[in-house]
Number of protein chains: 4
Amino acid sequence: MIIKLDITGDVPIYQQIRNQIVYGVATGQLSIGERLPTVRQLAGDIGVNPMTVSKAYGLLKDEGIIVIDRRQGAKINRLPVDDKALNEEFDQKVKLLISEARMKGISQDEIRKHINQLIDNVYEKKEGLH
Amino acid sequence: MIIKLDITGDVPIYQQIRNQIVYGVATGQLSIGERLPTVRQLAGDIGVNPMTVSKAYGLLKDEGIIVIDRRQGAKINRLPVDDKALNEEFDQKVKLLISEARMKGISQDEIRKHINQLIDNVYEKKEGLH
Amino acid sequence: MIIKLDITGDVPIYQQIRNQIVYGVATGQLSIGERLPTVRQLAGDIGVNPMTVSKAYGLLKDEGIIVIDRRQGAKINRLPVDDKALNEEFDQKVKLLISEARMKGISQDEIRKHINQLIDNVYEKKEGLH
Amino acid sequence: MIIKLDITGDVPIYQQIRNQIVYGVATGQLSIGERLPTVRQLAGDIGVNPMTVSKAYGLLKDEGIIVIDRRQGAKINRLPVDDKALNEEFDQKVKLLISEARMKGISQDEIRKHINQLIDNVYEKKEGLH
DNA sequence: GTGGTCTAGACCACA
DNA sequence: GTGGTCTAGACCACG
């Protein structure tokens with residue numbers, strides 16, 4: 001799995017790393033039990049400070065997405081079900097994105113089709129994650 | 001229109017102000033030509049420094065969402081149509097949100113219904129914005 | 001002569017008025033001795049505060065471009081020759097404009113032709129101004 | 001590269017900083033990839049508040065002239081080509097400057113020679129910027 | 001009255 | 001160390 005960074009953008013690098021791993025897991029590019037590279041290895045590969053990768057792994061661990069084993073490095077965890085996923089914060093973020101689209105002249109139909117397509121992309125891989 | 005801030009969160013206050021005005025415009029709570037409160041007034045109302053509000057207005061001005069008239073303060077602008085609204089960046093943000101939902105055990109059907117509901121919320125007000 | 005204002009722009013309104021009269025004089029749309037509308041009349045025509053027009057006229061008077069006669073209103077003056085016109089400030093402004101063009105990929109030839117064309121536009125009317 | 005400020009003038013300091021960096025880039029005093037001083041350093045050198053420098057850098061970032069890398073500070077960006085550089089706004093500014101020169105008695109030949117000289121100054125450094 | 005600009009000083013996130 | 005954000009308070013230009 002390849003991680004692409006935008007060094008100059010506004011999103012912190014550790015956050016970008018975390019996001020791409022999350023995306024990889026959700027789309028099935030990373031399977032349960034699969035091992036991630038070590039902090040140093042990944043840091044070397046993508047050219048960032050090991051502390052940055054470490055922070056990303058820390059985030060993922062806190063979210064229960066990976067488990068860190070001192071001997072084996074990090075592995076993708078069996079994922080924790082959280083029925084409060086679609087909470088107020090989630091709604092706010094989605095509504096902001098939709099609002100910006102509407103403001104730029106996107107019709108209700110367009111946005112609906114477009115987002116449903118994106119949902120299909122993420123759920124393409126049918127096997128469960130839990 | 002009421003603006004609610006989350007002082008403790010990590011979203012900058014000026015960004016929150018900008019986001020809520022965007023949301024207000026997209027949902028029709030703010031109409032084209034409508035005047036926004038003055039910098040000082042809004043700053044006083046929500047209890048922040050005028051420069052913070054000023055920065056938010058500056059963002060909105062740069063995006064073409066409001067126009068700042070030296071005589072009357074800020075007004076909602078006729079909105080600039082941008083057919084590149086559903087770009088790569090938009091897709092990434094949406095897919096990340098969907099990925100997080102899937103990881104937390106939300107089914108494809110659930111997320112689809114939920115998001116379609118959110119779209120309807122934003123597009124409730126039928127009159128066009130342009 | 002028509003004056004067009006951009007109320008929302010960064011340039012002060014009184015400055016815009018002054019600039020357009022300067023342009024009108026230089027291109028010969030306004031002749032020496034020609035009368036300008038009164039402050040109130042112009043203010044009414046273009047929909048701004050009389051104080052704003054008054055400030056513009058004050059600028060033009062200070063520059064020797066118009067003379068103000070209490071009875072007859074303002075008239076275009078025989079223009080004062082100033083051999084320090086192409087001063088350091090002038091050069092800085094021009095070089096900044098050229099720099100911005102070069103930065104955006106405009107070639108030396110293009111900019112030369114383009115600006116020479118603009119010079120011809122302004123000097124079209126051959127009769128002297130002095 | 002030296003930055004000189006005119007504190008008494010009416011051009012905002014942050015704008016002056018931005019302008020001089022633009023000029024430096026266009027004339028080749030600043031090369032692509034070159035690092036700018038840090039916000040604090042430049043602020044200290046020229047004796048202004050860091051936020052003022054920060055605003056100037058923000059402008060340059062928004063224009064795509066520099067990129068801000070959290071690790072290394074600001075660097076000159078590969079310059080964005082914009083074929084609409086010689087637009088209406090550009091023409092207006094140039095024509096205003098020419099008009100003022102003509103009004104002060106400068107002849108068409110004088111202004112032509114003078115400006116062509118200024119163009120040569122900016123384009124002195126032959127290597128491309130893109 | 002309005003927004004624009006600047007300062008001095010502070011705290012935080014990032015790497 | 002870097003830039004990003006915010007505050008409190010001030011002055012100015014504009015209309």
Side-chain angles (χ1 to χ4, degrees), chain A residues 5 7-17 43 46-56, chain B residues 5 7-17 35-44 46-58 61 66-75, chain C residues 5 7-17 43 46-56, chain D residues 5 7-17 35-44 46-58 61 66-75:
Chain A
L5 297 180
I7 298 293
T8 66
D10 289 334
V11 184
I13 294 173
Y14 78 91
Q15 188 71 259
Q16 292 183 49
I17 298 171
I46 60 183
V48 301
N49 193 309
M51 251 181 51
T52 306
V53 176
S54 180
K55 188 158 186 176
Chain B
L5 298 180
I7 302 292
T8 66
D10 50 1
V11 182
I13 294 174
Y14 74 89
Q15 189 68 268
Q16 292 183 49
I17 297 171
R35 285 181 55 182
L36 293 177
T38 68
V39 169
R40 284 171 170 78
Q41 193 178 333
L42 182 53
I46 59 184
V48 301
N49 190 291
M51 268 200 56
T52 306
V53 176
S54 181
K55 185 158 187 179
Y57 279 20
K61 187 186 92 179
I66 66 174
V67 289
I68 295 179
D69 180 327
R70 256 188 279 273
R71 298 172 304 179
Q72 304 182 14
K75 289 192 314 185
Chain C
L5 298 179
I7 299 292
T8 66
D10 288 335
V11 184
I13 294 173
Y14 77 91
Q15 189 69 260
Q16 292 183 49
I17 296 172
I46 59 182
V48 302
N49 194 309
M51 252 181 51
T52 306
V53 176
S54 179
K55 188 158 186 176
Chain D
L5 297 180
I7 302 292
T8 66
D10 49 2
V11 182
I13 295 174
Y14 74 90
Q15 189 69 267
Q16 292 183 48
I17 297 172
R35 285 181 55 181
L36 294 177
T38 68
V39 169
R40 284 170 171 78
Q41 194 179 332
L42 182 52
I46 60 184
V48 301
N49 190 290
M51 267 199 57
T52 305
V53 176
S54 181
K55 184 158 187 180
Y57 279 19
K61 188 186 91 179
I66 66 174
V67 289
I68 295 179
D69 180 327
R70 254 187 281 273
R71 297 172 304 179
Q72 304 182 13
K75 289 193 315 185

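Just so it is clear, the structure is predicted and the values come from calculations on it, not from any experiment. First the proteins, then the strands, lettered A, B, ... as listed; each starts at 1.
In this structure, D/Lys75 places its NZ atom 16 Å from C1' of F/dG3, rounding to the nearest Å. Rounded to an integer number of Å, the gap from C/Asp10 CG to E/dG4 P is 8 Å. Rounded to an integer number of Å, the gap from A/Ile7 CD1 to F/dG3 C1' is 15 Å. Remark: P of E/dG3 and OH of B/Tyr57 are 7 Å apart, rounded to the nearest angstrom. Atom-to-atom, CG of B/Leu42 to C1' of E/dG3 comes out at 14 Å; the value is rounded to the nearest Å. Counting to the nearest Å, the C1' atom of F/dT2 and the CG atom of D/Asp69 are 10 Å from each other. For the pair C/Gln16 CD and F/dC14 P, the interatomic distance rounds to 12 Å; values are reported in whole Å.
Taking each heavy atom of C/Asp10 and B/Lys61 in turn, the nearest pair found is OD1-NZ, 3.8 Å. Taking each heavy atom of C/Ala56 and C/Tyr14 in turn, the nearest pair found is CB-O, 3.4 Å. Nearest heavy-atom pair, A/Ala43 versus A/Pro50, reported as atom, atom and distance to 0.1 Å: CB-CA, 3.7 Å.
Side-chain contact check for B/Ile17 versus B/Ile46: some heavy-atom pair is nearer than 4.5 Å.
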Original post:
In dot-bracket, 5' to 3', how would DNA chain E read with Watson-Crick or G-U wobble pairs under 3.5 Å, [ ] for crossing ones and | for pairs to another strand?
Top reply: ||||||||||||||.
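Atoms CD and CD1, from B/Gln16 and B/Ile7 in turn, are 7.0 Å apart once rounded to the nearest 0.5 Å. Atom NZ in B/Lys75 sits 12.0 Å away from atom CD1 in B/Ile68 (nearest 0.5 Å). One distance of note links OG1 of D/Thr52 with CD of D/Gln15; it measures 12.5 Å at 0.5 Å rounding. For the atom pair CD1 of D/Ile66 and CZ of D/Arg35, the computed distance is 12.5 Å after rounding to the nearest 0.5 Å.
Residue B/Ser54 places no side-chain N or O under 4.0 Å from the OP1 or OP2 atom of E/dG3.
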**OP:** Check the pair B/Leu42, B/Leu36 against side chain to side chain contact (heavy atoms under 4.5 Å, CB included), reporting the backbone distance first and the verdict last.
**Re:** CA-CA 9 Å; B/Leu42 182 53; B/Leu36 293 177; over 6 Å; no
Could you list the protein-to-nucleotides 11-15 of chain E atom pairs, N/O on both sides, closer than 3.5 Å?
from: E/dC14; atom 1: OP1; to: A/Tyr14; atom 2: OH; distance (Å): 3.2
from: E/dC14; atom 1: OP2; to: A/Tyr14; atom 2: OH; distance (Å): 3.0
from: E/dC14; atom 1: O3'; to: D/Arg70; atom 2: NE; distance (Å): 3.2
from: E/dA15; atom 1: OP1; to: A/Ile13; atom 2: N; distance (Å): 2.9
from: E/dA15; atom 1: OP1; to: D/Arg70; atom 2: NE; distance (Å): 3.4

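Across the interface with DNA chain F, nearest-nucleotide mapping of D/Pro37 and B/Val48 shows D/Pro37 to be the residue nearer the 5′ end.
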